[in-house]
Amino acid sequence: MILIDNISFLKKKYPEVWQTVNEHQENLDLENIRVEMAKNGLPTLMVQTGSISNFLHSKYDPVSEAEKVIAQFQNIDSEKHVVFYGVGLGYHIEAFIQQHPSTSFSIYEPNVTIFTQYASHRQINKIANNNLKNIYMGIDSDVLTKNLKHLIDHVKAEMVMIVLPTYERIFSEQTKYFIEEFRDKVFLKRATISANLSFAKRLTVNSIMNMPTAIRTPNLLHEKPSEFCGKPAILVSAGPSLDVEIENLRYIKENGLAYIFSVGTSINTLIENGIEPDAAFTYDGSVENQMVFEKVIERDLKSIPLVFGSIVGHELIPKYPGPLLNFVVARDYLTPLYLKREDGKSIDFVDSSKSIAIITLQILYKLGCDPVVLVGQNLAYLGDSWYSKNITYVGKVDEKQRKEAIVVKDVEGKDVYTNRGLDMFRKEMEHYVNMYSDLEVINTTKGGAHIEGTTYVSLDKVIAEKLTERNIVNKDWINKHEVKYDLPHFQEKAKWMNELQTKLDNVYRTFHLLLADMEFALKRKNAKELERLFNKFDKAFDKLQANHFFVLLIQSMNITEFEFLMNTFKELRFSKDPFEKAERVTGEFRSYLDNCRVDIDNVKDMLAAMHKEMEEYAMCVK
């Protein structure tokens, strides 16, 4: 029978867990999962699998065993969040709390019977301190997906998983399934959070800083050079297989058999081997992106056009010596707001992607290139390499990467190792290849990962059978800039954005007064006043969300923090405790507003400078 204190605790703090436990009381497997006494008098759990009796904890001294298990995790600091898979009777979790009193954690128990036994024989309050964030239960696919989504949506910190060792032996398939799902979903979320934290602020800054150049230079998707339509294009990536195709690429270049486009770092391998691509494509929003083109800049290579995404790292653009063209990316909300074509047609754009190769594939499809031939698109390790040898600032595959590698099939059906990031790119590329069913995409990457929808053909065979027409490349394809922008529209939007900034200042003043009033009502324990203030808060928040300057620029710069804030608000909506609600709202929302204030001030200054530059440009073109 579940202890009374545990029932009260679960009902109050984790009602969904209590509901699950309560619903399964008629179907518990108490015959095969039962409590026995260890030699030292403490309870331990015995799990019967067929004729084999397995103990989840030591049958001699469960506490001593738990301490040894947790001793392996001494390096976990308070900045991490631990996910315990497998509760058992909670001994290892208690040992962890003693050694790491400041580290937050969540519990995942797949088996309702085990959790019931735990709640029937041990006090949950031994682990239920302020650092316990969530308890989850269930292993069915839908339940696991729902639970993992909730976990990653509500935990900001980097997550570390601790599996009770006996679960890996007794429930091996179930545990393996959980670990794989956890790693995949947490990796994707971590990658998204990392990208947002790294580039969310940069995205807005780059868009503002690049806009004057975007207005003055051709947008490749608008101009749509007719020279590309129906012509073969070589999309060159920087995978290790690029090194073996240099002579084939040189032959293609010298004979004008196809347009050669480099993506990202592959331009370095090409120019080191005396091959100038017909254009280089770039999209990376980081400060470091300019390093990719150091050789082009140092050698002052003026003949290679750079096609840059509107949110590319702005430091590169003024330094690049060659011709410039641009394209707009879907995540760029600012450029389509300010820019309007004089011919009335809409601004064309490409979908966002973490890979410039996928971005470029989209562009080549829109331009009518056919076929598209992939070179150096390994998306997997080749021996101990994952980049071309000329990419010197990227190291070899290390021991940690080898241990975390996953296996996929290569272009010839053999096993090849890759990492989750590269595999994510592969799946995304497959999505676009299969969406472009009328485009032939040939993968020539020797030893590369198989990309569903492409056909693997060696590059020398492609040259012999597909690239049979010489001198089809027009070197003067960029000598045009016909599509113009409506400058009065730009000035109108600039004025509107200035007005929104003033309105936002008023909203901020309202919030600071509201939060101060909430804190005062909280000190006085005035629940009625708090309810009135919550209503005013909702109205002020609606005004904040109606302010396009804030939502398009500032909120997008703090998107990770905003998502966590929304998850907090979602939880608090069901809270019946006005004081807990007020405490969390005032604490977390004030912190969010203060962080955003810094960005508001910076963006105001950048927009003012950009508006002034465009006023001067408008005067010159009149």
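A tilted orientation is assigned to the rings of Tyr432 and Tyr436, their planes being inclined by 30° to 60°. Using bins of under 30°, 30° to 60° and over 60° for the plane-to-plane angle, the ring pair Phe228/Trp477 lands in the tilted bin. Aromatic ring pairs are classed by plane angle as parallel below 30°, tilted from 30° to 60° and perpendicular above 60°; the pair Trp496 and His548 is tilted. The aromatic rings of Phe293 and Tyr320 sit perpendicular, their planes meeting at an angle over 60°, well past the 30° parallel limit.
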key: side-chain hydrogen bond (donor to acceptor under 3.5 Å, both in side chains) assessment of Gln501 paired with Lys604   = CA-CA 8 Å; Gln501 292 172 34; Lys604 278 183 177 180; 4.8 Å; no

task = Begin from the C-alpha positions of Glu315 and Arg202 and carry the test salt bridge (charged side-chain N to carboxylate O under 4.0 Å, His left out) through to its verdict.
result = CA-CA 11 Å; Glu315 295 84 358; Arg202 292 279 302 174; 2.8 Å; yes

task = Start with the C-alpha gap between Arg299 and Glu272, add the side-chain angles, then the distance that decides, and say whether salt bridge (charged side-chain N to carboxylate O under 4.0 Å, His left out) holds.
result = CA-CA 11 Å; Arg299 300 177 190 185; Glu272 278 297 313; 2.3 Å; yes

task = Carefully, step by step, assess Phe490 and Tyr617 under the rule ring pair (Phe, Tyr, Trp, His ring centres under 6.0 Å).
result = CA-CA 12 Å; Phe490 182 97; Tyr617 173 70; 9.2 Å; no

message = Using side-chain hydrogen bond (donor to acceptor under 3.5 Å, both in side chains), reason through Glu428 and Ser355 one step at a time and then give a plain yes or no.
response = CA-CA 9 Å; Glu428 189 178 0; Ser355 166; over 6 Å; no

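More than 12 heavy atoms of other residues, nucleotides or ligands shown are found within 6.0 angstrom of CD on Glu531. In this structure, Lys503 places its NZ atom where only 12 or fewer heavy-atom neighbours from other residues, nucleotides or ligands lie under 6.0 Å away. Sparse packing is recorded around CZ of Arg524, with 12 or fewer heavy atoms of other residues, nucleotides or ligands lying under 6.0 Å away. Around the CZ atom of Phe520, the shell of radius 6.0 Å holds no more than 12 heavy atoms that belong to other residues, nucleotides or ligands. In Lys149, the NZ atom is not crowded: 12 or fewer heavy atoms of neighbouring residues, nucleotides or ligands sit closer than 6.0 Å. Heavy atoms of other residues, nucleotides or ligands lying less than 6.0 angstrom from NZ of Lys536 number 12 at most.
Under a 3.5 Å cut-off, the side chain of Gln362 and the backbone N or O of Asp351 do form a donor-acceptor pair. No side-chain donor-acceptor contact under 3.5 Å links Asp284 to the backbone of Asn289. Of the possible polar contacts, one joining the Glu223 side chain to the Val483 backbone as a donor-acceptor pair under 3.5 Å is found. Judged by distance alone, the side chain of Ser591 and the main-chain N or O of Gly587 form no donor-acceptor pair under 3.5 Å. In terms of modelled atom types and a separation under 3.5 Å, the side chain of Asn210 and the main chain of Ser310 share a donor-acceptor contact.
For the residue pair Asp332 and Ser207, a side-chain donor N or O sits within less than 3.5 Å of a side-chain acceptor on the partner. For the residue pair Lys201 / Asn558, a side-chain donor-acceptor distance below 3.5 Å is found, with atom types taken as modelled.
For Pro277 against Ile267, the heavy-atom pair with the smallest separation is CG-CG1, 4.3 Å. Between Val236 and Ser266, the closest heavy-atom pair is O-OG, 2.7 Å. For the pair Arg590 and Ala516, the tightest heavy-atom approach, listed with the atom from each and the gap, is NH2-N, 3.8 Å. Nearest heavy atom pair, residue Leu379 against residue Thr418, reads O-OG1, 2.9 Å.
Remark: Asp601 engages Arg597 in a salt bridge, criterion side-chain N to carboxylate O under 4.0 Å. With salt bridges taken as basic N to acidic carboxylate O contacts below 4.0 Å, none links Glu492 and Lys340. Arg532 and Glu529 are joined by a salt bridge, as a carboxylate oxygen and a charged side-chain nitrogen come within less than 4.0 angstrom of each other.
With contacts defined as side-chain heavy-atom distances shorter than 4.5 Å, the pair Leu220/Phe281 qualifies. At a threshold of 4.5 Å between non-hydrogen side-chain atoms, the residues Asp278 and Val473 count as touching.
Within the 6.0 Å centre-distance limit, the rings of Phe537 and Phe589 are counted as a close aromatic pair. The aromatic ring centroids of Phe308 and His314 lie 6.0 Å or more from each other.
When each of His611, Gln491, His489 is paired with Tyr338, the side-chain hydrogen bond (donor to acceptor under 3.5 Å, both in side chains) condition holds for His611 and for no other. Partner of Phe327 under the side-chain contact (heavy atoms from CB on, under 4.5 Å) criterion, out of Thr360, Asp348, Ile359: Ile359 alone.
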